[in-house]
Amino acid sequence: MNSECIFCKIANKEIKTDIIYEDDNVIAFNDLNPQAPVHFLVIPKKHYPSLNEIDSEEAFMKIFSAIPKITKKLGIKEYRTVINTGAQAGQTVFHIHVHVMAGREFTWPAG
Ligand code: 5GP
Ligand code: ZN
């Protein structure tokens, strides 16, 4: 828990958020500023500033294995997952999160 971190506060339920999935290690909630009809974020409850600080395959798997559980529950088969790592890559919240977006066509390369 990092007391300065907004996603730690969300994981800790200090900030009321639209939680769509939770297990012992991970929480998922709708993005405040959605970029697609479906746009949610999956975060570990433990604070890692970015992908660079993920210290075990287990930690990584805990985050990623939650995604198909959530999409299945939502009835979504096609979706885009994004992790922005570092400011230049577009990261603005420094608690690792996976964006999951669906419900529209996506272009490539990403902007
Ligand atoms: P990044 O730019 O770091 O990859 O993504 C951060 C995301 O978090 C953005 O899509 C932004 O809309 C979302 N976000 C930032 N603050 C909050 C918040 O307080 N609540 C929710 N639900 N989403 C947030
Ligand atoms: Zn945090």
Side-chain angles (χ1 to χ4, degrees):
M1 169 80 194
N2 176 331
S3 58
E4 306 291 300
C5 171
I6 187 135
F7 284 2
C8 281
K9 287 185 180 142
I10 287 173
N12 228 20
K13 317 268 171 68
E14 284 172 44
I15 296 176
K16 197 172 152 10
T17 309
D18 222 355
I19 292 167
I20 61 170
Y21 173 85
E22 181 171 10
D23 63 28
D24 288 347
N25 306 295
V26 165
I27 199 160
F29 51 92
N30 287 318
D31 197 290
L32 194 62
N33 182 23
Q35 301 302 311
V38 175
H39 184 178
F40 61 86
L41 304 173
V42 183
I43 69 167
K45 289 182 176 176
K46 186 173 167 191
H47 181 84
Y48 299 97
S50 80
L51 186 57
N52 289 331
E53 286 77 31
I54 294 283
D55 48 7
S56 71
E57 290 180 9
E58 200 190 357
F60 187 77
M61 275 309 293
K62 282 173 179 169
I63 303 167
F64 260 86
S65 61
I67 295 171
K69 292 182 197 165
I70 302 165
T71 53
K72 237 170 241 159
K73 204 171 85 176
L74 296 175
I76 294 165
K77 289 203 174 115
E78 297 179 298
Y79 50 92
R80 177 166 286 183
T81 49
V82 173
I83 302 176
N84 297 320
T85 303
Q88 190 177 30
Q91 187 176 7
T92 58
V93 177
F94 288 83
H95 177 133
I96 188 175
H97 48 281
V98 184
H99 295 262
V100 182
M101 290 167 280
R104 66 167 170 86
E105 292 282 328
F106 292 93
T107 57
W108 192 261

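Both counts, for ligands and for their atoms, begin at 1 and track the order of listing. If you read the sequence from its start, that first residue is 1, and numbering goes on from there. As a basis for the values below, the full set of heavy atoms in this structure was taken, side chains included, without hydrogen atoms, waters or symmetry mates.
- Those atoms of ligand 1 that come under 4.0 Å of a heavy atom in Phe29, given as number and element, are 21 (C), 22 (N).
- The Gly90 neighbourhood of ligand 1 comprises atoms 1 (P), 2 (O), 4 (O), with distances under 4.0 Å to a heavy atom of that residue.
- Contact atoms of ligand 1 toward His99: 1 (P), 4 (O), 5 (O), 7 (C), 10 (O) (distance under 4.0 Å to a heavy atom of the residue).
- Counted within 6.0 Å of NZ on Lys45, heavy atoms from surrounding residues, nucleotides or ligands total more than 12; the atom is thus considered enclosed.
- Outside the 6.0 Å centre-distance limit, the rings of His97 and His95 are not counted as a close aromatic pair.
- No continuous path of hydrophobic side-chain contacts links Ile27 to Ile20 [ILVMFWY only; heavy atoms under 4.5 Å].
- Val42 and Ala28 get closest at one heavy-atom pair: CG2-CB, 4.1 Å.
- Counting heavy atoms closer than 4.0 Å to ligand 1, residue Phe7 contributes side-chain atoms (C-beta onward) but none from N, CA, C or O.
- In this structure, the side chains of Lys13 and Ile19 come closer than 4.5 Å at one or more pairs of heavy atoms.
- Its N, O or S atom nearest to the Zn ion (ligand 2) is what matters here, and for His95 that atom is ND1.
- In terms of protein heavy-atom proximity, atom 18 (C) of ligand 1 is closest to Leu32 CD2, 3.8 Å.
- Protein heavy atom at the shortest distance from atom 22 (N) of ligand 1 is Asn30 O, 2.9 Å.
- Under a cut-off of 6.0 angstrom, the local environment of CE in Met1 is crowded, with over 12 non-hydrogen atoms contributed by other residues, nucleotides or ligands.
- Among all non-hydrogen protein atoms, the one lying nearest atom 5 (O) of ligand 1 is His97 NE2, 2.9 Å.
- Using a 4.5 Å cut-off between side-chain heavy atoms of Ile, Leu, Val, Met, Phe, Trp and Tyr, with links allowed through other members, Ile83 and Val100 fall into the same hydrophobic cluster.
- Rounding to the nearest 0.5 Å gives a distance of 10.5 Å between NE2 of His47 and CZ of Phe94.
- The two atoms that bring Gln91 and Val93 nearest to each other are NE2-O, 3.0 Å, heavy atoms only.
- The contact set between ligand 1 and Asn33, taken as ligand atoms under 4.0 Å from a residue heavy atom, comprises 12 (O).
- In this structure, atom 3 (O) of ligand 1 lies nearest to the protein heavy atom Thr92 N, 2.7 Å.
- Evaluated by nearest non-hydrogen atom to atom 12 (O) of ligand 1, the leading choice among Val82, Ile10, Asp18, Asp31 is Asp31.
- The aromatic ring centroids of Phe40 and Tyr79 lie 6.0 Å or more from each other.
- Every atom of ligand 1 is numbered from 1 in the order shown, and the set under 4.0 Å from a heavy atom of Ile6 is 19 (O).
- Checked against the Zn ion (ligand 2), the N, O or S atom of His47 at the shortest distance is ND1.
- The distance criterion of under 3.5 Å between nitrogen or oxygen atoms is not met by Thr17 with respect to ligand 1.
- Taking any N or O of Gln91, backbone or side chain, none lies under 3.5 Å from an N or O belonging to ligand 1.
- The SG atom of Cys5, the Zn ion (ligand 2) and the SG atom of Cys8 define an angle of 110° (nearest 10 degrees).
- Distances from ligand 1 to the non-hydrogen atoms of Phe94 include no value under 4.0 Å.
- Between Val93 and ligand 1, an N or O atom pair is found at a separation short of 3.5 Å.
- The two residues Asn2 and Cys8 make their nearest non-hydrogen contact at N-SG, 3.3 Å.
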